[in-house]
Peer 1: 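Got a structure for you, questions after.
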Amino acid sequence: MNVQGLSEREIFSYLENAKSEDTDYYRVLSSMCTHPHKIAAEAHRLFIEANLGDLGLFAGACKLEQEVVRMLGELLHAPLIDVPSADSYEYSVCGYLTTGGTESNIQAVRGMKNLITTGKKGLKGTPNIVIPESAHFSFDKVADMMGIQVRRASLDSEFKVDLASVESHIDANTIGLVGIAGNTEFGQVDPIDKLSEIALENELFLHVDAAFGGFVIPFLEKPQPFDFKVPGVTSIAIDPHKMGLSTIPSGVLLFRSPSVLESLKVSTPYLTTKSQFTLTGTRTGASAAATCAVMKYLGHEGYRKNVQYCMQLTTKLVAEARKVGFEPLLEPVMNVVALKVPNPDLVREQLLERFGWHVSITRTPRALRLVLMPHNTPEEIIIFLQDLKKVTAA
Ligand code: 0PR
């Protein structure tokens with residue numbers, strides 16, 4: 001750190017310099033995040049100092065968090081629970097705002113572990129969970145942090161989790177299953193209703209990672225079952241900072257039953273509140289304000305239009321790609337396309353070096369992974385395909 005502080009002008013010139021190295025989402029086809037909606041950005045600024053880690057001091061921000069949880073609970077058909085002590089809320093949905101899908105996934109599994117190890121089952125060895133091969137790498141962190149064995153079930157030919165493989169991994173030490181509603185690489189949705197049957201039969205928790213798909217699936221023309229309407233689903237991760245158009249960091253974790261949230265509680269003797277069930281202590285109220293504001297501003301119809309726009313881009317990209325001879329690995333279910341191209345790693349490198357396109361790659365099989373977000377345009381897609389053709393022809 002320098003001894004004397006710099007001037008405001010110097011600071012901002014320094015910051016602008018750094019900012020000029022950021023992409024501003026120009027030619028970005030690899031991101032599940034996008035520009036936050038301007039309403040979200042303004043609301044974020046308004047609550048910049050609010051700390052949800054000390055709810056007693058920030059009652060207003062706390063109400064906004066509860067309202068986000070209530071609205072998302074309603075969207076995802078969460079059951080209402082009785083909260084006699086809450087002043088203006090007779091009924092509530094159970095959950096809280098996280099920093100994103102990673103924290104939500106960690107906490108969902110921690111909840112399973114806490115309830116099982118203190119509860120009925122009496123484990124004989126290391127607890128395990130069964131997740132799809134396609135699960136996000138946040139579950140590797142779960143395995144590392146919590147001493148839980150993470151078993152990966154294989155995928156079927158449509159990149160959904162294979163149910164027979166899930167069943168073959170379940171044993172006496174299995175505490176829960178995970179299904180993905182909108183997997184990171186293919187945008188595919190696992191058969192959550194079938195996973196629910198397996199979970200109920202074996203008395204297991206079922207966590208649905210809808211970090212990306214949660215703000216997509218409900219607004220598709222033909223939504224697939226993935227939320228609390230499916231009886232065995234016990235928790236859901238959904239990220240407003242992805243297709244919810246809120247600011248980073250905004251994730252939400254919802255539970256069907258308050259007992260799981262209860263199991264996450266630790267006491268906080270010297271705070272204005274007695275206990276905390278969140279993973280982080282100090283956490284921003286700005287995200288609650290941003291998410292609440294953008295959800296109320298857009299409403300169901302606003303999000304439907306957003307998804308419709310991204311799906312139109314997706315359809316256009318696939319149609320144009322087919323014209324030049326590139327097939328998708330699967331018919332896109334949401335706004336993620338895995339495109340079969342020769343030598344994808346080299347193509348990716350060339351697209352960036354020669355034309356400034358940011359794309360990513362699926363692991364198995366290796367294909368070009370493209371996420372069509374609100375920052376992309378139909379014109380951009382035409383140019384992208386021209387550039388892709390040049391790169392693959394070389
Ligand atoms: N679950 C799923 C299904 C996800 O796709 C992701 C992130 C997570 C959980 C974890 O969410 P957080 O990163 O919010 O904790 N998926 C994106 C990915 O890994 C995250 C991302 C977003 C990466 C924007 C890059 C980027 O520019 O691809």
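Atoms within each ligand, like the ligands themselves, are counted from 1 in listed order. Because the structure is a prediction, the values reported are computed rather than measured.
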Peer 1: For K141, state whether at least one heavy atom is located under 4.0 Å from any atom of ligand 1.
Peer 2: no
Peer 1: Determine, using ring centers only, whether H300 and F219 are less than 6.0 Å apart.
Peer 2: yes
Peer 1: Does C33 reach ligand 1, in the sense of a heavy atom lying below 4.0 Å from it?
Peer 2: yes
Peer 1: As a test of the contact definition, would atom 9 (C) of ligand 1 count as having a protein heavy-atom neighbour under 4.0 Å?
Peer 2: yes
Peer 1: Any heavy-atom pair between the side chains of V109 and I148 that's under 4.5 Å?
Peer 2: yes
Peer 1: Strictly under 4.0 Å, does any heavy atom of K242 approach an atom of ligand 1?
Peer 2: yes
Peer 1: Checking a contact table here: which protein heavy atom is nearest atom 6 (C) of ligand 1, and how many Å away?
Peer 2: H136 CD2, 3.4 Å
Peer 1: Hey, is atom 21 (C) of ligand 1 touched by any protein heavy atom at less than 4.0 Å?
Peer 2: no
Peer 1: Which heavy atom of Y303 sits nearest a heavy atom of M243, and at what distance?
Peer 2: CE2-O, 3.9 Å
Peer 1: Please say whether S138 places an N or O atom under 3.5 Å from an N or O atom belonging to ligand 1.
Peer 2: no
Peer 1: Heavy atoms only, cut-off 4.0 Å: how does T102 contact ligand 1, side chain, backbone, both, or neither?
Peer 2: both
Peer 1: Would you check if the side chain of T98 reaches a backbone N or O of G100 as a donor-acceptor pair within less than 3.5 Å?
Peer 2: yes
Peer 1: Tell me: protein heavy atom nearest atom 1 (N) of ligand 1, and distance?
Peer 2: D209 OD2, 2.6 Å
Peer 1: Looking at D239, which atoms of ligand 1 are within less than 4.0 Å of one of its heavy atoms?
Peer 2: 11 (O), 14 (O)
Peer 1: Is the shortest heavy-atom distance from the side chain of L368 to the side chain of V347 under 4.5 Å?
Peer 2: yes
Peer 1: Answer with yes or no whether the side chains of H136 and T184 bring together a donor and an acceptor at under 3.5 Å.
Peer 2: no
Peer 1: Is E103 in polar range of ligand 1, meaning some N or O pair under 3.5 Å apart?
Peer 2: no
Peer 1: Of all the non-hydrogen atoms in the protein, which one sits nearest to atom 26 (C) of ligand 1, and at what distance?
Peer 2: S31 OG, 3.5 Å
Peer 1: Does either side chain, that of Q276 or that of Y96, offer a donor lying less than 3.5 Å from an acceptor on the other one?
Peer 2: no
Peer 1: Relative to ligand 1, is V28 under 4.0 angstrom through side chain, backbone, both or neither, heavy atoms considered?
Peer 2: neither
Peer 1: For atom 17 (C) of ligand 1, decide whether some protein heavy-atom distance is shorter than 4.0 Å.
Peer 2: yes
Peer 1: Is there at least one pair of N or O atoms, one from G101 and one from ligand 1, spaced under 3.5 Å apart?
Peer 2: yes
Peer 1: For the 3.5 Å polar cut-off, considering only N or O atoms, please tell me whether T99 and ligand 1 meet it.
Peer 2: no
Peer 1: Counting both backbone and side chain atoms, is some N or O of H241 under 3.5 Å from an N or O of ligand 1?
Peer 2: yes
Peer 1: Check whether any side-chain N or O of Q107 sits under 3.5 Å from a backbone N or O of F277 as a donor-acceptor pair, and report yes or no.
Peer 2: yes
Peer 1: Please work out, at 4.0 Å between heavy atoms, whether the side chain, the backbone, both, or neither of R369 comes within that distance of ligand 1.
Peer 2: side chain
Peer 1: For a quick check under 3.5 Å, do S165 and S154 share a side-chain donor-acceptor pair by atom type?
Peer 2: yes
Peer 1: Looking only at heavy atoms of N183, does any of them come nearer than 4.0 Å to an atom of ligand 1?
Peer 2: no
Peer 1: Tell me whether K194 is salt-bridged to E201, with the criterion being a basic N under 4.0 Å from an acidic carboxylate O.
Peer 2: no
Peer 1: Just going by heavy-atom distances, which of T98, I106, T184 is nearest to atom 3 (C) of ligand 1?
Peer 2: T184
Peer 1: Number the atoms of ligand 1 from 1 as they appear, then name those within less than 4.0 Å of a heavy atom of A211, with their elements.
Peer 2: 1 (N), 2 (C), 9 (C)
Peer 1: Counting neighbours of CD on E8 that are heavy atoms of other residues, nucleotides or ligands and sit closer than 6.0 Å, is the number greater than 12?
Peer 2: no
Peer 1: Look at the side chain of S287 and the backbone N and O of P249, then say whether any donor-acceptor pair between them is shorter than 3.5 Å.
Peer 2: yes
Peer 1: Should M334 and T314 count as side-chain neighbours, where that means a heavy-atom distance under 4.5 Å?
Peer 2: no
